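Only one structure is covered here, and it is reproduced in the block below.
As a basis for the values below, the full set of heavy atoms in this structure was taken, side chains included, without hydrogen atoms, waters or symmetry mates. No experiment lies behind these values; they were computed from the predicted model shown. We name chains A, B, ... by the order of the sequence lines, and we start the count at 1 in each one.
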2 protein chains.
Amino acid sequence: MRQRPDGRPQNGRSTRTKRHLDQFDRAILRILQNDSRTSQRMIAESVHLSPAAVQRRISAMENSGIIEANVAIVAPDAVQSSITIIVEVHLQNDRAATIEPMKALFNATPEVQQCYYVTGNGGFFLVMLVPDMKRYEHLSRTLFSENSFVDTFRTLVVLDRVKTGLGIVIPDF
Amino acid sequence: MRQRPDGRPQNGRSTRTKRHLDQFDRAILRILQNDSRTSQRMIAESVHLSPAAVQRRISAMENSGIIEANVAIVAPDAVQSSITIIVEVHLQNDRAATIEPMKALFNATPEVQQCYYVTGNGGFFLVMLVPDMKRYEHLSRTLFSENSFVDTFRTLVVLDRVKTGLGIVIPDF
DNA sequence: AATGAAAAACTACACTA
DNA sequence: TAGTGTAGTTTTTCATT
């Protein structure tokens, strides 16, 4: 049976990885990253493809994990007044037995919006969102002060969320 | 012409404030924050309302800005291998004439995913996403080294994006 | 790539607390 | 008056050719 040049079977359901994103895929991603409710018809018009083609490409990218999720961005202060806090955490050491439990802890704490493990002196950076300082004081006690893995931590209160977003730069080629 | 007690015109498109979010609104937000493509029928079932009621509440929350946007989350490394970098920037002073241009600069730089202005010695925290260190070196020169508003800056390379997300805690009452 | 069926989103209207 | 459910219309999504 004849095969395609790339070796995949002709009818192959490539539920896994998608080899390479072409111009069209990138253009679609740029749109959905801004507004995931844009109709396939409008996307099609904008990228010069048929709605069906757009639809296939979107499902392919969803199946292959290129599109991780579609989410609503909720304005924090519309729901409840809140304070954003950045925390720099330094651990006693950078062994896996220390790092892994901390990752699990931060993952399990809903007030921790984001957590990054960074180079250098065994450190995490956290972006937290709490209703008030009382709540943060309480959280910081359990998460940091009374945590034997933690050496030191530094708390920075955010005065202005100048730019928030997870949108990435999608290159032209 | 008769006006409503709150001064808005009778047919006024109440694009502004929604009084208070009730249990239903919160339940809807919790769902959409995880998956904005959940159908109104399913949401309705889950929160015990009619699909039409769900639809009205969603539009109201979109119009009033409680739902800021619906976006697709794109896996950065699926599009292009990339490095996440956290930068702590200290300014020469904390006057508006210094801060405002910096905010504008960071807003205009697509590689800057997030920017927070924090308390203390006139500082910003940035989360940046770049294709490689060469690109970061170039960006850091224009953004920081050669920028007269900037006093010092500290670069931290992210080894693990442990948790990334903008989801907020929506309280029960 | 185009067509048509299925599903979802939206609108109008009458009703209720 | 604000908000609901029912039912009907339009739009979008999706599978088939």
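- Rounded to an integer number of Å, the gap from B:Asn70 CG to C:dA8 P is 17 Å.
- Classification of A:Glu100 and A:Arg95 as a salt-bridged pair fails, no side-chain N sitting under 4.0 Å from a carboxylate O.
- Separating the CZ atom of B:Phe24 from the P atom of D:dG3 is a distance of 12 Å, rounded to the nearest angstrom.
- Here the closest heavy-atom approach between residue B:Asp22 and residue B:Asp25 is recorded as OD1-N, 2.9 Å.
- Contact annotation for A:Arg37: no contact, since no heavy-atom pair falls under 4.0 Å across all strands.
- Direction change of the helix axis from one end of the helix from C:dA1-D:dT17 to C:dA17-D:dT1 to the other is 30°, with five pairs defining each end axis (rounded to 10°).
- Closest contact between the side chain of B:Ala52 and the listed nucleotides D:dG3, C:dT11, D:dA15 involves C:dT11.
- With 3.5 Å as the limit, one finds no donor-acceptor pair spanning the side chains of B:Ser36 and A:Asn70.
- Residues satisfying the ring-ring contact (aromatic ring centres under 6.0 Å, His included) test with B:Phe144, not counting sequence neighbours, are B:Phe153.
- Proximity of A:Gln55 to the phosphate of D:dC14: a side-chain N or O atom is located under 4.0 Å from OP1 or OP2.
- Residue pairs meeting the side-chain hydrogen bond (donor to acceptor under 3.5 Å, both in side chains) criterion with at least one partner in residues 158-173 of chain B, sequence neighbours excluded, are A:Lys103-B:Asp160, B:Arg30-B:Asp172, B:Thr84-B:Arg161.
- A heavy atom closer than 4.0 Å to some atom of DNA chain D occurs in B:Leu49, B:Ser50, these being the qualifying members of residues 38-51 of chain B.
- Side-chain atoms of A:Ser82 and A:Asp77 include a donor-acceptor pair closer than 3.5 Å.
- Listed by chain and number, the residues in a ring-ring contact (aromatic ring centres under 6.0 Å, His included) with B:Tyr117 are B:Phe124 (sequence neighbours excluded).
- With rounding to whole Å, B:Arg56 atom CZ is found 16 Å from C:dA8 atom C1'.
- Other cluster members for B:Leu166: A:Val71, A:Ile73, A:Leu166, B:Val71, B:Ile73, joined by side-chain heavy-atom distances under 4.5 Å among Ile, Leu, Val, Met, Phe, Trp and Tyr.
- As rounded to whole Å, 14 Å separates atom C1' of C:dA8 from atom CG of B:Leu32.
- One can place CD1 of B:Ile28 at 13 Å from C1' of D:dG3, the figure rounded to the nearest angstrom.
- What you find for B:Ile85 and B:Met133 is that their closest heavy atoms are CD1-SD, 3.9 Å.
- Using a 4.0 Å cut-off, some side-chain N or O of B:Arg57 falls inside it from OP1 or OP2 of D:dT4.
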